[in-house]
Amino acid sequence: MQRTALTARRRERELDELASEPVDLLVVGGGVTGAGVALDAAARGLSVALVEAHDLAWGTSRWSSKLAHGGLRYLATGDVGVARESARERHVLMTRTAPHLVRALPQVLPLTQGVGPRQGITAGIGFGLGDLLRRDAGTSSDVLPAPRLARPGEAARLVPAVAREHLHGAWVAHDGQLVDDARLVVALARTAAGRGAKILTRVRATDLRAEGATLQDTLTGATLTAHARVVVNATGVWAGTVDPSVRLRPSRGTHVVVPAARLGDPAGALMVPVPGSTSRFVFALPAQLERVIIGITDEEAPGPVPDVPEPTRPEIDFLLATVSRVLERPLLPDDVVGAFAGLRPLVDRAGPGDGAGLPGSADISRRHLVEVSPSTGAVNVLGGKLTTYRTMAEDAVDLAVKHAGLTAGPCWTADLPLVGAPPRALPVGAPAGVQAVTAGAPPLAPALVARYGAEAPDVLAAATLPGAADAVGQGIAGAGHLDVTRAEIEWAVTHEGALDADDVLDRRTRIGLVPADRAAVRGVVGEIVEDALKRR
Ligand SMILES: Cc1cc2nc3c(=O)[nH]c(=O)nc-3n(C[C@H](O)[C@H](O)[C@H](O)COP(=O)(O)OP(=O)(O)OC[C@H]3O[C@@H](n4cnc5c(N)ncnc54)[C@H](O)[C@@H]3O)c2cc1C
């Protein structure tokens, strides 16, 4: 059994161990931030346990736009530091830590009737500045091509649904796109587990303290006390529920899902300026499983934080109307096959420090907050974004080590490839790199390689159930477009810590983003999951 494999049995054993053996660092929250902290700390040689109330990537980390972005949007607000950090972290992801999970995505801003001249010119200046950030980060144009003006024919080739009449060209600019955000979280957690971290899902922290927490196993109802030298609170938008001193200002971002065929199976993303704005855009992003996701909104979401935020009808209408401005045939509500929303954990106050001379590194301009909580004594790490999870984790572990007087080496996660990353010497870009690893073997399906990188052959080889390479929707009406193999369902249970069919449908794969797809394969996925759980 690989050291990186997460299983139900491992969870049980490690939860027992946690009841009797203190750890150096306890992380609460299994989103991208918590998983990044667990990896950073484990890589520095600390003993680590991460507890997550539901499942890995249960929260905001699965509702993002799935972009590893270069910080262009932060330039618009004058946040040069954040913009540079974002571009640097995109570079790290695309060239060292996760080149298998992040690809270069061409983004097309059509210069047409629905886009004002001022919007086109401003976008061109923005893309030019974004390109300076790319160069500053050391990202070569082989990895991310420079922005350029394209002819109408090329724009239409990248996004066939764009209206041809009045189209006199387009900006084409590249950014990083994750195959899936939840897969990044799972890869982080497994890489951390490979370095000894305990990754414990279905475990809720109910009482956070400076040196431990009360934990509840939500599968059995049992409670235990975990002891740690330091606790890191990475509960995102739920941070206020475990720390009364935290003030967040959640903002809801909504996406809709449409079949890729409806936009002509685009190879690039469509970027449409919001009417009257030169800095806000709606994106139609090609996604796996023959889908396009269209987002994004930004609505204040005060009040209690729901487990799963719901998109609203006006948000959906706004997205459809905005993107339709540049389409040959407007999108209609009937085209929508799914919709999802996430809450950005925006921080609403500056950090006060720890009251004992340690600096609170609150810095709203960096959009993430790392501080010792005056209320719980734990280190809070909040805000930020998916792209910069690694620097957030570094800051949090630096403060945790200092605060608790731990002995630990420096952060080196920028040079630590995640599970599935192809060996360094191979060409950048998942398919090229991974096919080179497996030279001589039969070619692997590109979709499998895009999701698992260098582990793609292992996913097939590890399968014990019949028909491993068959698509899970094979023979099921309306599910023929789902290219997820039966082997991936089994792998989710035997290596990725999935504990039930929902974990597989909604987070290890993203079949569940479309309710009809979910319903079509729910039965077969449930059978494979049960069988795999029984065998392990
Ligand atoms: C709509 C939208 C689009 C976005 N798009 C992008 C993008 O394209 N690129 C980008 O870089 N960023 C993007 N972001 C930002 C990014 O998604 C978030 O900043 C990031 O995912 C936050 O991760 P997190 O780990 O801090 O929080 P979360 O992912 O919410 O994780 C917190 C976890 O803590 C758990 N938890 C809560 N309470 C407890 C408890 N008591 N005990 C144990 N566990 C607990 C929750 O179950 C949850 O899993 C987007 C955000 C939104 C909302």
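In each ligand, atom 1 is the first atom listed, and ligand 1 is the first ligand listed.
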Q: Between Asp16 and Arg13, is the closest basic N to carboxylate O distance under 4.0 Å?
A: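 Not counted as a salt bridge, because no side-chain N and carboxylate O are separated by less than 4.0 Å.
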Q: Report the part of Leu67 (side chain from C-beta onward, or backbone N, CA, C, O) that has a heavy atom under 4.0 Å from ligand 1; answer both or neither where that applies.
A: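 For Leu67, backbone and side-chain atoms both sit under 4.0 Å from ligand 1.
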Q: Dump the intermediate steps for side chain to side chain contact (heavy atoms under 4.5 Å, CB included) on Leu6 and Val186, then the final yes or no.
A: CA-CA 10 Å; Leu6 299 174; Val186 172; 5.7 Å; no
Q: Check each of Gly342, Ala393, Gly236, Ala301 against atom 27 (O) of ligand 1 and report the one with the nearest heavy atom.
A: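 Result: the heavy atom closest to atom 27 (O) of ligand 1 is in Gly236.
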Q: Return the closest protein heavy atom for atom 25 (O) of ligand 1 as residue, atom name and distance.
A: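 Result: Thr33 N, 3.0 Å.
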Q: Looking only at protein heavy atoms, which one is nearest to atom 6 (C) of ligand 1, and how far off is it?
A: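 Its nearest protein heavy-atom neighbour is Ser64 CB, 3.5 Å.
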Q: Provide, to 0.1 Å, the distance between atom 31 (O) of ligand 1 and the closest protein heavy atom, together with that atom's residue and name.
A: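 Checked against all protein heavy atoms, atom 31 (O) of ligand 1 sits closest to Gly31 CA, 3.5 Å.
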Q: How far is atom 41 (N) of ligand 1 from its nearest protein heavy atom, and which residue and atom name does that atom have?
A: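 Scanning the protein heavy atoms, the shortest distance from atom 41 (N) of ligand 1 goes to Ala205 O, 3.0 Å.
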Q: Which of the numbered atoms in ligand 1 are under 4.0 angstrom from any heavy atom belonging to Gly59?
A: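 Within the 4.0 Å cut-off of Gly59, ligand 1 contributes 29 (O), 30 (O), 48 (C), 49 (O).
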Q: Taking all atoms of both residues into account, what is the closest heavy-atom pair of Val401 and Ala408, and its distance?
A: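 So the minimum-distance heavy-atom pair works out to CG2-CB, 3.9 Å.
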Q: Taking only heavy atoms of Gly253, which atoms of ligand 1 are found under 4.0 Å from at least one of them?
A: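 Going through ligand 1 atom by atom, the ones under 4.0 Å from Gly253 are 1 (C).
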Q: Is it the side chain, the backbone, both or neither of Ala234 that has a heavy atom closer than 4.0 Å to ligand 1?
A: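 Backbone only; the side chain of Ala234 stays clear of ligand 1.
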Q: Classify the ring geometry between His255 and Phe340 as parallel (under 30°), tilted (30 to 60°) or perpendicular (over 60°).
A: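 Correct class here is parallel.
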Q: In terms of residue, atom name and distance, what is the protein heavy atom nearest to atom 18 (C) of ligand 1?
A: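 Going by distance alone, atom 18 (C) of ligand 1 is nearest to Thr60 CG2, 4.0 Å.
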Q: Measure the CG-CG distance between Leu15 and Leu224 for me, rounded to the nearest 0.5 Å.
A: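 Leu15 atom CG to Leu224 atom CG measures 5.5 Å (nearest 0.5 Å).
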Q: Counting only heavy atoms, tell me which of His69, Arg204, Arg344 gets closest to atom 51 (C) of ligand 1.
A: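 Checking each option, the heavy atom nearest atom 51 (C) of ligand 1 is found in Arg344.
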Q: Between the side chains of Thr388 and Arg88, does any donor sit under 3.5 Å from an acceptor?
A: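 Not at all, the side chains of Thr388 and Arg88 share no donor-acceptor pair under 3.5 Å.
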Q: Closer than 4.0 Å to some heavy atom of Trp63 - which atoms of ligand 1 meet that?
A: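 Those of ligand 1 that fall under 4.0 Å from Trp63 are 1 (C), 2 (C), 3 (C).
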Q: So, regarding Leu386 and ligand 1 (criterion: nitrogen or oxygen to nitrogen or oxygen, under 3.5 Å), is there a contact or not?
A: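 Such a contact does occur with ligand 1.
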Q: Quick one: which of Ile296, Thr387, Thr388, Leu343 has a heavy atom closest to atom 11 (O) of ligand 1?
A: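 Comparing heavy atoms across Ile296, Thr387, Thr388, Leu343, the nearest one to atom 11 (O) of ligand 1 lies in Thr387.
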Q: Out of Ala35, Ser251, Ala53, who gets a non-hydrogen atom closest to atom 44 (N) of ligand 1?
A: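 Looking at heavy atoms only, the winner is Ala53.
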Q: We want to know whether His54 and Thr201 form a side-chain donor-acceptor pair, criterion being a heavy-atom distance below 3.5 angstrom.
A: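 Per modelled atom types, His54 and Thr201 side chains form no pair under 3.5 Å.
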Q: Would you mind running through ligand 1 and noting each atom that sits below 4.0 Å from a heavy atom of Val51?
A: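 Ligand 1 atoms under the 4.0 Å threshold to Val51: 43 (C), 44 (N).
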Q: Show me, pair by pair, the donor-acceptor contacts under 3.5 angstrom made by side chains of residues 293-300, not counting sequence neighbours?
A:
from: Thr297; atom 1: OG1; to: Thr254; atom 2: N; distance (Å): 2.9
from: Asp298; atom 1: OD1; to: Ser251; atom 2: OG; distance (Å): 2.4
from: Asp298; atom 1: OD1; to: Arg344; atom 2: NH1; distance (Å): 3.4

Q: Short list, please: which atoms of ligand 1 are under 4.0 Å from a heavy atom of His54?
A: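 Taking each heavy atom of His54 in turn, ligand 1 has 47 (O) under 4.0 Å.
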Q: Within a distance under 4.0 Å of any heavy atom of Gly384, pick out the atoms of ligand 1 and give their elements.
A: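 In order of numbering, the contacting atoms are 19 (O).
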Q: Under a 4.0 Å heavy-atom limit, does Thr235 contact ligand 1 with its side chain, its backbone, both, or neither?
A: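 Both the backbone and the side chain of Thr235 come within reach of ligand 1.
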Q: Could you tell me, atom by atom, which parts of ligand 1 come under 4.0 Å of a heavy atom of Val242?
A: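 Here the atoms of ligand 1 in question are 41 (N).
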Q: Could you find the nearest protein heavy atom to atom 35 (C) of ligand 1 and give me its residue, atom name and distance?
A: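 Nearest neighbour among protein heavy atoms for atom 35 (C) of ligand 1, to 0.1 Å: Glu52 OE1, 3.2 Å.
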Q: Assess Val203 for proximity to ligand 1: is some non-hydrogen atom of it under 4.0 Å away?
A: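 Yes.
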Q: Can a salt bridge be assigned to the pair Glu310 and Arg252 using a cut-off of 4.0 Å between side-chain N and carboxylate O?
A: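 So Glu310 does not pair with Arg252 through a salt bridge.
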Q: Within the 4.0 Å heavy-atom shell around Lys66, which atoms of ligand 1 are there?
A: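 In order of number, 8 (O).
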Q: Heavy-atom distances under 4.0 Å decide this one: backbone, side chain, both or neither, for Tyr389 against ligand 1?
A: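 The answer is neither; Tyr389 stays 4.0 Å or more away.
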Q: For a 4.5 angstrom cut-off between non-hydrogen side-chain atoms, does Leu67 reach Lys385?
A: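 Leu67 does not reach Lys385 side chain to side chain.
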Q: Out of Arg62, Arg510, Arg507, which residue meets the side-chain hydrogen bond (donor to acceptor under 3.5 Å, both in side chains) rule with Asp181?
A: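 Answer to the side-chain hydrogen bond (donor to acceptor under 3.5 Å, both in side chains) test with Asp181 among Arg62, Arg510, Arg507: Arg510.
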Q: Side chain or backbone of Arg252 under 4.0 Å from ligand 1, or both, or neither, by non-hydrogen atoms?
A: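 No part of Arg252 is near ligand 1 at this cut-off.
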Q: Could Asp79 and Arg84 be called an ion pair, given the rule that one side-chain N must be under 4.0 Å from one carboxylate O?
A: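 Salt bridge between Asp79 and Arg84, a charged N being under 4.0 Å from a carboxylate O: no.
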Q: Table please: side-chain donor-acceptor pairs of residues 20-36 below 3.5 Å, with sequence neighbours left out.
A:
from: Ser20; atom 1: OG; to: Glu17; atom 2: O; distance (Å): 3.3
from: Asp24; atom 1: OD2; to: Ser47; atom 2: N; distance (Å): 2.9
from: Asp24; atom 1: OD2; to: Ser47; atom 2: OG; distance (Å): 3.3

Q: Does a side-chain heavy-atom distance below 4.5 Å link Val172 with Gln107?
A: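 No. Closest side-chain heavy atoms not under 4.5 Å.
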Q: Judging by distance only, is a nitrogen or oxygen of Pro345 under 3.5 angstrom from one on ligand 1?
A: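 Min N/O separation from ligand 1 is not below 3.5 Å for Pro345.
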Q: Nearest to atom 5 (N) of ligand 1, what protein heavy atom do you find, and at what distance?
A: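 Atom 5 (N) of ligand 1 sits closest to the protein heavy atom Ser65 N, 3.0 Å.
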Q: Checking Asn233 against Asp243: is there a side-chain donor and acceptor pair closer than 3.5 Å?
A: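 Per modelled atom types, Asp243 and Asn233 side chains form no pair under 3.5 Å.
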Q: Should Asp180 and Arg508 count as an ion pair when the cut-off is N to O under 4.0 Å?
A: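 Salt bridge flag = no for Arg508 with Asp180.
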Q: Mind checking whether Leu382 contacts ligand 1 via backbone (N, CA, C, O), side chain (CB onward), both or neither, at a 4.0 Å heavy-atom cut-off?
A: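 Neither part.
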Q: Does any donor atom in the side chain of Glu394 or Thr391 lie under 3.5 Å from an acceptor atom in the other side chain?
A: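 Thr391 and Glu394 do not have a side-chain donor-acceptor pair below 3.5 Å.
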Q: Report yes if Ser61 has an N/O atom closer than 3.5 Å to an N/O atom of ligand 1; otherwise report no.
A: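 N/O-N/O distance under 3.5 Å: yes.
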Q: May I ask you to identify, for Asp181, whether its side chain, its backbone, both or neither come under 4.0 Å of ligand 1 on a heavy-atom basis?
A: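 Neither part.
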